[in-house]
Novice: 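Please see the structure below; I have some questions.
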There are 4 protein chains.
Amino acid sequence: MQTRLRRIEGQVRGIERMVDDDRYCIDVLTQISAVQAALDKVALGLLDGHVRHCVAEGAEEGKSDVMSTELMAAVGRLMRRG
Amino acid sequence: MQTRLRRIEGQVRGIERMVDDDRYCIDVLTQISAVQAALDKVALGLLDGHVRHCVAEGAEEGKSDVMSTELMAAVGRLMRRG
Amino acid sequence: MQTRLRRIEGQVRGIERMVDDDRYCIDVLTQISAVQAALDKVALGLLDGHVRHCVAEGAEEGKSDVMSTELMAAVGRLMRRG
Amino acid sequence: MQTRLRRIEGQVRGIERMVDDDRYCIDVLTQISAVQAALDKVALGLLDGHVRHCVAEGAEEGKSDVMSTELMAAVGRLMRRG
């Protein structure tokens with residue numbers, strides 16, 4: 001996950017340079033979509049781990065309800081993108 | 001736009017630290033959604049400028065067709081996030 | 001949920017009429033976004049019920065792994081919209 | 001476009017039947033994602049036509065500014081899904 005995040009950080013810096021260099025808007029937009037896709041992958045990876053471990057453990061501790069509410073709020077934000 | 005991008009870069013670094021510190025997944029996901037929303041704003045700002053300037057100039061140079069195709073491809077990628 | 005779905009069905013029929021009546025594109029697009037938002041609500045409602053009931057029951061039957069994989073695939077499709 | 005919309009209307013009716021028949025949530029969610037993807041295609045088709053015709057004609061009538069503002073608002077709604 002850290003490698004992906006560092007790569008995303010580098011991609012964002014790259015977009016800054018493109019804007020500095022007044023690169024063509026469509027090319028910059030293409031890079032932004034690539035960062036969006038990469039962030040989605042990180043988010044889905046985190047969510048997957050959360051479902052398999054935190055939510056499962058929470059169920060054993062009788063905390064299913066609050067864990068489900070938290071999980072669904074996170075999924076809602078990801079679907080609405082913010 | 002550069003200020004927004006630098007802030008986004010800082011947010012991504014912040015997410016790296018959260019993962020390093022083994023912070024709760026839901027909190028990290030909340031930050032990722034915030035970055036997604038911020039990137040969307042940058043993308044919409046770029047697209048707006050592109051429509052008002054590049055597409056308009058392209059129309060005067062008889063390049064409407066290719067500009068429209070490019071624009072729609074960019075919108076499609078943004079809608080599909082990648 | 002059935003009421004929401006029937007309303008969405010009616011909204012889609014309404015969009016068909018708008019296209020038939022050659023209504024202004026932006027107005028039709030506004031209706032499509034409204035249907036998207038309504039469908040998201042139905043999807044999140046279904047997902048919420050699935051997490052609270054099916055996934056919880058599956059955990060008791062030792063099926064956490066397959067249920068988590070299914071859940072995450074569904075979330076991925078909803079995020080990518082298809 | 002009308003054919004696509006009628007197919008989407010049929011898909012929504014199909015989802016109603018699945019809910020009536022208490023079909024497995026993940027299967028219903030898969031259908032909802034399919035409808036989302038189909039609606040995106042209709043929206044992108046409409047947007048494409050709007051950019052190539054309405055926006056182009058608007059430019060000739062000196063209405064570029066208001067048309068760009070409308071277009072960007074529509075793209076923003078589609079990206080945010082509502």
Side-chain angles (χ1 to χ4, degrees), chain C residues 1-20 23-55 58 66-67 69-82, chain D residues 1-20 23-55 58 66-67 69-82:
Chain C
M1 181 155 308
Q2 282 292 30
T3 322
R4 282 183 193 265
L5 286 166
R6 267 194 296 278
R7 196 180 307 136
I8 289 168
E9 189 194 331
Q11 283 177 292
V12 173
R13 256 199 307 276
I15 293 170
E16 284 170 51
R17 276 194 306 276
M18 289 177 87
V19 171
D20 260 348
R23 289 276 301 277
Y24 188 46
C25 320
I26 298 291
D27 297 336
V28 182
L29 286 165
T30 303
Q31 283 307 309
I32 290 176
S33 291
V35 170
Q36 298 273 31
L39 276 169
D40 273 357
K41 277 207 184 105
V42 170
L44 281 168
L46 262 168
L47 208 60
D48 187 284
H50 181 69
V51 164
R52 292 178 198 278
H53 306 296
C54 311
V55 173
V66 69
M67 302 289 284
T69 304
E70 257 183 4
L71 175 66
M72 291 310 304
V75 171
R77 280 190 297 271
L78 286 172
M79 281 171 64
R80 275 191 319 278
R81 295 161 57 154
Chain D
M1 181 155 307
Q2 283 292 29
T3 321
R4 282 182 192 268
L5 285 166
R6 267 194 295 278
R7 197 179 308 136
I8 289 169
E9 189 194 331
Q11 285 177 292
V12 173
R13 255 199 307 277
I15 292 170
E16 283 171 50
R17 276 195 306 275
M18 289 177 87
V19 171
D20 259 349
R23 289 276 302 276
Y24 188 45
C25 320
I26 298 290
D27 297 336
V28 183
L29 285 164
T30 302
Q31 283 308 308
I32 290 177
S33 292
V35 171
Q36 295 278 34
L39 278 169
D40 273 356
K41 277 208 184 106
V42 170
L44 280 169
L46 263 168
L47 209 59
D48 187 284
H50 182 70
V51 165
R52 291 178 199 275
H53 306 296
C54 310
V55 174
V66 69
M67 302 289 284
T69 304
E70 257 183 3
L71 175 66
M72 291 311 303
V75 171
R77 280 191 297 271
L78 286 172
M79 280 170 65
R80 274 190 321 276
R81 293 161 58 155

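Labels below follow one simple rule: chain letters A, B, ... track the order of the sequence lines, proteins then strands, and each chain is numbered from 1.
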Novice: Could you grab the distance from atom CD of D:Glu70 to atom CG of C:Leu29, nearest 0.5 Å is fine?
Specialist: 10.0 Å
Novice: Of the listed residues (C:Met1, C:Gln11, C:Arg4, C:Glu9), which shares the most heavy-atom pairs with chain D below a 4.5 Å separation?
Specialist: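 Option with the top pair count is C:Glu9.
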Novice: Looking at residues at least two apart in the chain, or sitting in another chain, which of them share a side-chain contact (heavy atoms from CB on, under 4.5 Å) with D:Leu44?
Specialist: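 Testing D:Leu44 for side-chain contact (heavy atoms from CB on, under 4.5 Å), a comparison that skips the adjacent residues, returns B:Met72, B:Val75, B:Met79.
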Novice: If you round to the nearest 0.5 Å, how far is CG of D:Leu5 from CE of C:Met18?
Specialist: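 Interatomic distance, C:Met18 CE to D:Leu5 CG, rounded to 0.5 Å: 11.0 Å.
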Novice: What part of C:Met67 is in contact with chain D, defined as an atom under 4.5 angstrom from a non-hydrogen atom: side chain, backbone, both or neither?
Specialist: side chain
Novice: Which region of C:Arg6, side chain (C-beta onward) or backbone (N, CA, C, O), has a non-hydrogen atom less than 4.5 Å from a non-hydrogen atom of chain D, or is it both or neither?
Specialist: both
Novice: May I have the list of side-chain donor-acceptor pairs in residues 48-55 of chain D shorter than 3.5 Å, sequence neighbours left out?
Specialist:
unit_1: D:Asp48; atom_1: OD1; unit_2: D:Arg52; atom_2: NE; d: 2.6
unit_1: D:Asp48; atom_1: OD2; unit_2: D:Arg52; atom_2: NE; d: 3.4
unit_1: D:Asp48; atom_1: OD2; unit_2: D:Arg52; atom_2: NH2; d: 3.3
unit_1: D:Arg52; atom_1: NH1; unit_2: B:Asp65; atom_2: O; d: 3.2
unit_1: D:Arg52; atom_1: NH1; unit_2: B:Asp65; atom_2: OD1; d: 2.7
unit_1: D:Arg52; atom_1: NH2; unit_2: B:Thr69; atom_2: OG1; d: 2.8

Novice: Does the D:Glu16 side chain pair with the main chain of C:Gln2, one donor and one acceptor, at a distance under 3.5 Å?
Specialist: no
Novice: Any chance you could lay out the side-chain contact (heavy atoms from CB on, under 4.5 Å) test for D:Leu39 and C:Leu39, step after step, and finish with the verdict?
Specialist: CA-CA 11 Å; D:Leu39 278 169; C:Leu39 276 169; 3.6 Å; yes
Novice: Among D:Ile26, D:Ile32, D:Val35, single out the residue with the greatest number of heavy-atom pairs under 4.5 Å to chain C.
Specialist: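 Of the candidates given, the most pairs with chain C belong to D:Ile26.
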Novice: So which of D:Val12, D:Leu46, D:Asp40, D:Thr30 has the biggest tally of heavy-atom pairs under 4.5 Å with chain C?
Specialist: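 Answer, by heavy-atom pair count under 4.5 Å with chain C: D:Asp40.
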Novice: Between C:Leu78 and D:Ser33, what is the shortest heavy-atom contact and its length?
Specialist: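 In this case the closest contact between C:Leu78 and D:Ser33 is CD2-OG, 3.5 Å.
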Novice: Under 4.5 Å, counting heavy-atom pairs only, tell me which of D:Asp20, D:Leu71, D:Val42 racks up the most with chain C.
Specialist: D:Asp20
